[in-house]
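See below for the structure under consideration.
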Amino acid sequence: FESLLGKSNAKTIQDAVLYWIAETHFKGSNFSKAAEFYGRIVNEFPESTYRASSYYSLGWCFSQLGKWKEALDNFIIVETQFKNDPLAEDAIFKIVECLYNLKEYQSLKDRLKGYLKEFSNDTVKQSYLYFYLAEAEYYSGNFSQALEYYAKVLKGSDDDKIQALSRLGAGWSYLKLKRYKEAESEFSALKEESLDKKGVE
């Protein structure tokens, strides 16, 4: 791919070449190098058909590198500037993850309330969004509100992992509220195989 970049007869496909070089680095988990090539597409090729994918992949690269603010900025570009692209919906869920990791809980809550309306007919996506809303309320110290949203996840989701994380969150919320019997009940109902090491501890 890189040998094609210098060839005069490949100038019309340079953005495509850059994109596939970026993809190759991405698949090899070299996220810094991948970001360099995705960045060239968005900066040098304003008319490229690869722009939406490049912004989205830049967001992924930065999130893999723990650069949540840079990731957020790129996912917001996909959501707002490429609304008709299929990646725009995926970008919404990555925005949620970025805000959560940035501990921007008020911004997260504000966005989630809008997203919940947008996905009002999709129970799987709603459960995912309610989970993050519960987490945002928990880390904001609103334990009763967190319990309400964890309950919505436990009622609406079939996903074992998100169920376990919601039950764990509910247990901690009860503990913070000094409702020890209910906390014990939630913790006792957890299946260890659905949690990571930290969750089990």
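Numbering starts at 1 and runs along the sequence shown.
Y180 has its ring centre no less than 6.0 Å from the ring centre of Y174. Ring centroid separation for the pair Y56 and F75 comes in under the 6.0 Å cut-off. Under the 6.0 Å cut-off for aromatic ring centres, Y19 and F37 do not qualify, their centroids lying 6.0 Å or more apart. Between Y128 and Y132, the distance separating the two ring centers is shorter than 6.0 angstrom.
Ionic pairing of D90 and K94 is not present here: no N-O contact between side-chain nitrogen and carboxylate oxygen is shorter than 4.0 angstrom. With salt bridges taken as basic N to acidic carboxylate O contacts below 4.0 Å, one links R111 and E79. Using a cutoff of 4.0 Å between basic side-chain nitrogens and carboxylate oxygens, K125 and E89 are scored as salt-bridged. The pair E36-K33 meets the salt-bridge criterion, since a charged nitrogen lies less than 4.0 angstrom from a carboxylate oxygen.
Under the 4.5 Å side-chain heavy-atom criterion for grouping Ile, Leu, Val, Met, Phe, Trp and Tyr, L99 is connected to Y139 within one hydrophobic cluster.
Under the 4.5 Å side-chain criterion, counting only non-hydrogen atoms from C-beta, W172 is in contact with F187. The closest side-chain heavy-atom distance from L147 to R179 is below 4.5 Å. In this structure, the side chains of L133 and L116 come closer than 4.5 Å at one or more pairs of heavy atoms.
In this structure, the side chain of S185 does not engage the main chain of K181 through any donor-acceptor pair within 3.5 Å.
Screening Y150, Y105, Y149, Y130 against E135 for a side-chain contact (heavy atoms from CB on, under 4.5 Å) leaves a single residue, Y150. Exactly one of K109, Q145, K103 qualifies for a side-chain contact (heavy atoms from CB on, under 4.5 Å) with S140. That residue is K109.
No side-chain N or O of D159 forms a donor-acceptor pair with one of Q163 less than 3.5 Å apart.
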Quick one, Q106 with D110, criterion side-chain hydrogen bond (donor to acceptor under 3.5 Å, both in side chains). Give me CA distance, side-chain angles, the key distance, then yes/no.
CA-CA 6 Å; Q106 189 55 56; D110 292 341; 3.0 Å; yes
